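Some notes on the structure that comes next.
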Amino acid sequence: MVQELKGQLSAGKNKFAIVVSRFNEFVTNKLVDGAVDCLQRHGAGEDQITIIWVPGTIEITVVAKKVAESGNYSAVLCLGAVIRGSTNHYDYVCQQISRGVGQINYDTGVPAIFGVLTCDTIEQAIERAGTKQGNAGVNAAMAAMEMADLMGQL
Ligand code: INI
């Protein structure tokens, strides 16, 4: 019989850290609200969720890596909002965060979830922070629960 593994969409006894950027806080606040609400609806108690604020998206990875290495969390949600401006700064921030989050996964073996919006306009970001296109914080929370549970089965 073929063995098939799938993570449960449940918080279980897992602990989740949310590392979130204050830059574009009007958007990232909504991502945190969505993530926390989703985790709690799937059984997480307050003691299972830790929210850590950092100045900007660039600062997420150093903190998320330390959190992952601590061994105290089953998954780390990285939440931020990068919105294109009139210079190419956006490209550098996007490059750093996508590479950094990937690296945390490889280096620590703790699932680091990429919940960073990378948008051309503020409207696109708002659409993905609890309006037309859902909430990227909710998606990140679901991925975190599924991965935390799956990693426990391996
Ligand atoms: N940080 C963000 O989280 N989002 C952005 O849109 C953004 N832009 O475009 O500048 C941004 N920049 C700040 C960056 O993350 C660092 O905090 C800063 O460079 C200091 O290291």
Side-chain angles (χ1 to χ4, degrees), residues 7 9 11 14-42 44-151:
L9 209 52
N14 290 312
K15 285 196 157 189
F16 301 90
I18 299 174
V19 183
V20 55
S21 142
R22 266 200 325 275
F23 204 104
N24 292 325
E25 195 174 8
F26 70 104
V27 172
T28 61
N29 255 327
K30 299 290 180 195
L31 300 182
V32 172
D33 289 350
V36 169
D37 182 59
C38 181
L39 291 170
Q40 289 184 328
R41 281 169 185 265
H42 290 83
E46 285 183 356
D47 58 329
Q48 289 172 262
I49 306 171
T50 304
I51 303 170
I52 305 164
W53 289 92
V54 297
T57 292
I58 288 282
E59 285 73 40
I60 290 176
T61 43
V62 67
V63 173
K65 183 163 193 247
K66 188 161 187 181
V67 163
E69 286 171 343
S70 73
N72 295 328
Y73 297 93
S74 321
V76 186
L77 290 76
C78 301
L79 304 182
V82 195
I83 302 173
R84 195 184 286 280
S86 52
T87 69
N88 58 0
H89 190 77
Y90 167 94
D91 298 308
Y92 292 104
V93 178
C94 292
Q95 232 169 54
Q96 283 291 314
I97 186 67
S98 57
R99 199 181 61 84
V101 172
Q103 197 69 43
I104 294 168
N105 284 276
Y106 304 137
D107 288 352
T108 69
V110 175
I113 309 299
F114 189 75
V116 177
L117 294 174
T118 55
C119 299
D120 285 333
T121 64
I122 288 172
E123 287 72 23
Q124 285 176 349
I126 292 170
E127 280 177 7
R128 288 157 179 79
T131 60
K132 282 186 193 170
Q133 302 286 340
N135 186 318
V138 171
N139 298 342
M142 292 201 291
M145 286 185 284
E146 188 171 337
M147 285 303 294
D149 187 71
L150 179 61
M151 295 299 277

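Everything numeric in this text was worked out from a predicted model, so none of it was measured. Just follow the structure's listing: the first ligand is 1, and inside any ligand the first atom is 1.
Within a 6.0 Å radius of CZ in Phe26, other residues, nucleotides and ligands contribute more than 12 heavy atoms. Heavy-atom neighbours of Leu9 CG from other residues, nucleotides or ligands within 6.0 Å: above the threshold of 12.
The two residues Leu79 and Ile60 make their nearest non-hydrogen contact at O-CD1, 3.3 Å. Summarising the geometry of Ala81 relative to Thr28, their closest heavy-atom pair is N-CG2, 3.7 Å, with the distance given to 0.1 Å.
When hydrogens are left out, the protein atom nearest atom 3 (O) of ligand 1 is Thr57 OG1, 2.6 Å; that is the closest non-hydrogen contact. Of all protein heavy atoms, the one closest to atom 14 (C) of ligand 1 is Ile58 CG1, 3.7 Å.
The distance criterion of under 3.5 Å between nitrogen or oxygen atoms is met by Ser21 with respect to ligand 1. Between Val93 and ligand 1, no pair of N/O atoms sits closer than 3.5 Å. Here's the thing with Phe23: none of its N/O atoms is less than 3.5 angstrom from an N/O atom of ligand 1.
A salt bridge is defined here as a Lys NZ or Arg NE, NH1 or NH2 lying under 4.0 Å from an Asp or Glu carboxylate O, and Lys15 with Asp47 fails to meet this definition.
Near Ala81, meaning under 4.0 Å from one of its heavy atoms, ligand 1 places the atoms 2 (C), 3 (O), 4 (N), 5 (C), 6 (O). Ligand 1 places these atoms under 4.0 Å from at least one heavy atom of Ile83: 6 (O), 9 (O). Per-residue contacts place Val82 under 4.0 angstrom from the following atoms of ligand 1 (heavy atoms of the residue considered): 4 (N), 5 (C), 6 (O). Set against the non-hydrogen atoms of Asn24, the atoms of ligand 1 under 4.0 Å away are 4 (N), 5 (C), 6 (O).
If you check each of Arg84, His89, Glu59 against atom 21 (O) of ligand 1, the one with the closest non-hydrogen atom is Glu59.
Residues Met151 and Ser74 form no side-chain contact, since every pair of their non-hydrogen atoms from C-beta on lies 4.5 Å or further apart.
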